[in-house]
Amino acid sequence: MPHLIGVAEAQALVLDGVAPLATEIIPLLDALGRVLAEDIVADADIPPFRNSAMDGYAVRAADLAGARRGTPVRLHVTAEGPAGYAPRGMVMPGTAIRIMTGAPLPPGADTVVRFEDTDETGRPAGSTRPEVEIYVEQPAWVNVREAGEDIRAGALVLRAGTVLHPPALGILASLGRLTATVYGRPSVAILSTGDEVAYPGATLRPGQIRDSNSYTLAALVRHYGGVPRLLGIARDSAADLTSALAAACAADLVLTSGGVSVGDYDMVKDVLRTQGAIRLWQVRMKPGRPLAFGRLGGKPFLGLPGNPVAAYVSFELFARPLILLFQGHQEWRKAIIRARLTEDVENQSGRQHYVRAIVTQGPAGPLVRPAHEQGAGILTSVLHANGLLIVPEGVTNAAAGTLVDVEPLHWLPGLLGLP
Ligand code: AMP
Ligand code: MG
């Protein structure tokens with residue numbers, strides 16, 4: 001009889017000793033979602049120079065004393081300061097330079113008065129007058145962005161282990177980095193098993209069903225950053241399984257579905273036992289009780305159950321963390337949503353029940369209800385779900401109105417902020 005084991009214990013055993021894959025250097029535009037494998041230290045200030053935060057007039061704050069709408073201060077306009085050019089001229093007492101957002105602050109100026117606080121409005125576009133009327137008094141350094149106020153030269157900006165999400169990519173670009181060193185993506189071999197399982201393009205013979213697991217698993221692998229390699233479908237025979245698995249060891253991780261239960265033709269476990277090392281568990285979870293884990297040709301493999309929903313949930317719980325750790329993610333646990341149940345949910349299984357569920361935003365926080373169908377073979381239960389509502393193994397009834405834990409489906413780390 002296989003060993004009976006809880007979900008957390010099974011996860012710990014599967015993930016024990018897993019290390020990130022070798023690093024590679026990739027273009028920034030391909031790096032979304034990858035995990036940085038180097039510390040990034042700024043080699044220059046961002047912004048690189050002191051510049052204007054507004055379209056307006058670069059002036060000396062001391063010249064603005066007493067300025068108001070009724071009693072404006074008049075300054076002599078000596079030059080234009082567009083963005084993208086070195087300053088043209090210097091601001092002397094009693095003068096101003098007309099300046100655009102992002103243009104370097106000219107020497108002599110210490111503040112920028114925005115157009116709205118001058119007689120600029122009403123002036124024909126592009127025309128310069130020799131004088132400007134300023135309507136406000138303001139201290140030095142207003143509307144001025146300091147060199148290095150975003151990032152200082154020498155600062156550690158991004159640590160190895162950071163998920164490269166959109167702002168991280170923008171920061172790398174602003175530092176002049178066109179590439180990033182990231183951890184590799186695991187290649188994941190996927191093998192479906194079963195005499196009844198047919199290729200989706202084939203005409204079904206009596207008793208056959210189409211292989212959906214290869215497609216859901218390949219999509220999940222890709223979604224979580226891995227590279228799927230489909231090995232096709234193996235018959236329930238030791239010879240067929242052995243030859244199908246021969247190609248699997250080139251991958252970083254091997255996934256099979258089906259054939260790990262207690263049926264007469266559940267051959268996967270026997271073949272893996274002779275080809276590699278296997279631990280077969282009955283995980284106290286529903287759906288997806290049987291799970292095989294082991295090594296084949298030095299590579300980890302997970303023998304997932306064949307039922308499509310059981311395979312799906314087992315993937316989220318066991319394969320997903322492996323795929324994330326291979327890529328250097330430091331956090332593989334999902335952020336749990338605490339949501340209020342809107343219907344009673346039964347759990348007579350004695351196992352931790354992962355109920356396919358629909359989370360919505362209610363007036364006072366998240367609400368959750370089970371998707372209508374729940375059978376382990378009913379893939380449409382996942383189709384309509386966006387989360388897995390967890391009813392712990394000791395709980396037989398979760399009552400409407402109580403708060404429950406929900407694991408979001410298809411959740412990627414790093415999106416709620418940097419780890
Ligand atoms: P098994 O774990 O091999 O006993 O399979 C359990 C159930 O899942 C059976 O009803 C199988 O027909 C079904 N099944 C197994 N593999 C697949 C697959 N690749 N696609 C769809 N259903 C499958
Ligand atoms: Mg089978």
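Counting convention: from 1, in listed order, for ligands and their atoms alike.
Listed here is the closest heavy atom pair of N307 and G377: OD1-CA, 3.9 Å.
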Could you list, one pair per line, each nitrogen or oxygen of ligand 1 together with any protein nitrogen or oxygen closer than 3.5 Å, giving atom names and the distance rounded to 0.1 Å?
residue, atom, partner, partner atom, Å
ligand 1, 2 (O), G306, N, 3.1
ligand 1, 3 (O), G259, N, 2.9
ligand 1, 8 (O), G306, O, 3.2
ligand 1, 8 (O), N307, N, 3.1
ligand 1, 12 (O), E196, OE2, 2.6
ligand 1, 14 (N), G306, O, 3.3
ligand 1, 19 (N), S192, OG, 3.3
ligand 1, 19 (N), D211, OD1, 2.8
ligand 1, 19 (N), N213, ND2, 3.4
ligand 1, 20 (N), S212, N, 3.1
ligand 1, 20 (N), N213, N, 3.4

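Screening residues 356-380 for side chain to side chain donor-acceptor pair (under 3.5 Å) gives R356-Q374, R356-S381 as the qualifying pairs, with residues at least two apart or on separate chains.
Ring planes of Y57 and F115: perpendicular class, angle over 60° (limits at 30 and 60°).
Legend: residues meeting side-chain hydrogen bond (donor to acceptor under 3.5 Å, both in side chains) with D405, ordered by chain and number and at least two apart, are R338.
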In residues 261-268, what donor-acceptor pairs under 3.5 Å come from side-chain atoms, sequence neighbours left out?
residue, atom, partner, partner atom, Å
D266, OD2, S261, N, 3.3
D266, OD2, V262, N, 3.3
D266, OD2, G263, N, 2.7

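Remark: E196 does not engage R210 in a salt bridge, criterion side-chain N to carboxylate O under 4.0 Å.
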